[in-house]
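Each ligand, and each atom within it, is numbered from 1 in the order the structure gives.
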Amino acid sequence: MVVTPWEVRGKVDYERLIREFGTQPISEELIRRMSDNTGEVHLQLRRRLFFSHRDLDTVLDLYEKGIKFVLYTGRGPSGPVHIGHLVPWIFTKYLQEKFGTRLYFQMTDDEKFVVDDQAKLADTTKMAYDNALDLIALGFKLEDTFIIYDVEDIDLLYDIALEVAKRITLSTARATFGFQDSTNLGWVFYPAVQAVPCFIHMKLTGENVPALIPAAIDQDPYWRITRDIAPKLGYFKPAQIHNRFLPGLGIGGKMSASEPDTAIFTTDDPETVKRKVWNAFTGGRGTVAEQRKLGATPDICSVYQYFLYLFEENDKKLEERERQCRTGGVFCGDCKKDLTERIVKFLSDHQKKREKARSTIGKYHIKR
Ligand code: TRP
């Protein structure tokens, strides 16, 4: 297994990541504390799609004492958005609503340019604005949502980026990110830019509050170095809550835009969705007769994972589907058909909102 901010390969062992990265598992107790504030337990917490954290307890302590927090997450605009990207964004929106907090969302067109030899800056920048449409389509609250486009907004970020960069040595950066002698300077400096939104709220409002970052766990190295230097700059350490990756439709591995046939993009049309889901890897048996007799294996089935992550909100119905699968009462074709319908319905609604977002995108810009 390889899990770095730039590469995720192999079967991800989340327990091992908690140990190796030194994060905390999300306990029952912490989930209860969340629900004390939110009223119920979000699907992504209930099903442990968010499974690990740093300092979520501290953020809740402060919140209960009247010190708010801000949310921060982001997107590296290397290509179009697929439904795996939406998973943490949906949870972020929920937190924004329940806690009435601000969200800073960073579009890292600079990062995607420097880390890829082939990338052109004009393309990653264009993709940043395109990806923002998907974010806005999810319904984030306008007053509380501030999108940062790194290249366009660098003047706003640069002073804080310098304060951060000055306090991180090359040897720390090497140890954290595995930088080599051949790594370009843009890439080496970039982590300072990704740290900035953890702290920018103070510059904009004068309020010193912690940032809570919902993100996939591959981003953790960035926050490790940011946490080390935060107190030196007079800020709270950024807290995090980490989600699992939505698997792709193939065998193992996360959903990845570089394997377009195993990823559902937010702009896919119904025919495309149907074809991709139809070709998905499942836990089914070789023949219908065998499956009726022996049952199938939802644990390894990509189709089942989509119900779990996004497309079956009802826990009872999800359990029932799982039971039916194991006992041979439902066939892969049935699940694929149900899933296709749900994805198509979700996307047709999303695509309308995405088009509408073209006229409002400017209102979400941090420099509005
Ligand atoms: N580096 C992230 C990526 O490649 C983008 C990003 C920037 C981000 N800031 C973030 C992701 C904060 C999560 C949280 O996708």
Residue pairs meeting salt bridge (charged side-chain N to carboxylate O under 4.0 Å, His left out), one or both in residues 287-303, sequence neighbours left out, come to Asp299-Arg326
Residue pairs passing the salt bridge (charged side-chain N to carboxylate O under 4.0 Å, His left out) test with at least one member in residues 225-237, sequence neighbours excluded, are Asp55-Arg227
Identify each donor-acceptor pair in which a side-chain atom of residues 240-251 lies under 3.5 Å from a protein atom, sequence neighbours left out, and give them as a table.
unit_1, atom_1, unit_2, atom_2, d
Gln240, OE1, His242, NE2, 3.1
Gln240, NE2, Pro238, O, 3.4
His242, ND1, Ser52, OG, 2.8
His242, NE2, Asp220, OD1, 3.4
Asn243, OD1, Ala216, N, 2.9
Arg244, NE, Arg48, O, 2.8
Arg244, NH2, Arg48, O, 3.4

Whether the Asn208 and His201 side chains hold a donor-acceptor pair (N or O, under 3.5 Å, no angle test) is what I'd like checked. no
Exercise. Report yes or no: do Tyr63 and Thr101 form a side-chain donor-acceptor pair below 3.5 Å?
Key: no
Return a table of N or O atom pairs, ligand 1 on one side and protein on the other, at distances under 3.5 Å, rounded to 0.1 Å.
unit_1, atom_1, unit_2, atom_2, d
ligand 1, 1 (N), Glu111, OE1, 2.8
ligand 1, 1 (N), Glu111, OE2, 3.2
ligand 1, 1 (N), Gln194, OE1, 2.9
ligand 1, 1 (N), Gln219, OE1, 2.9
ligand 1, 4 (O), Glu111, OE1, 3.2
ligand 1, 4 (O), Lys112, NZ, 3.2
ligand 1, 9 (N), Tyr72, OH, 2.8
ligand 1, 9 (N), Gln106, OE1, 3.1
ligand 1, 15 (O), Gly76, N, 3.0

So does Lys317 pair up with Glu320, basic N to acidic O under 4.0 Å? no
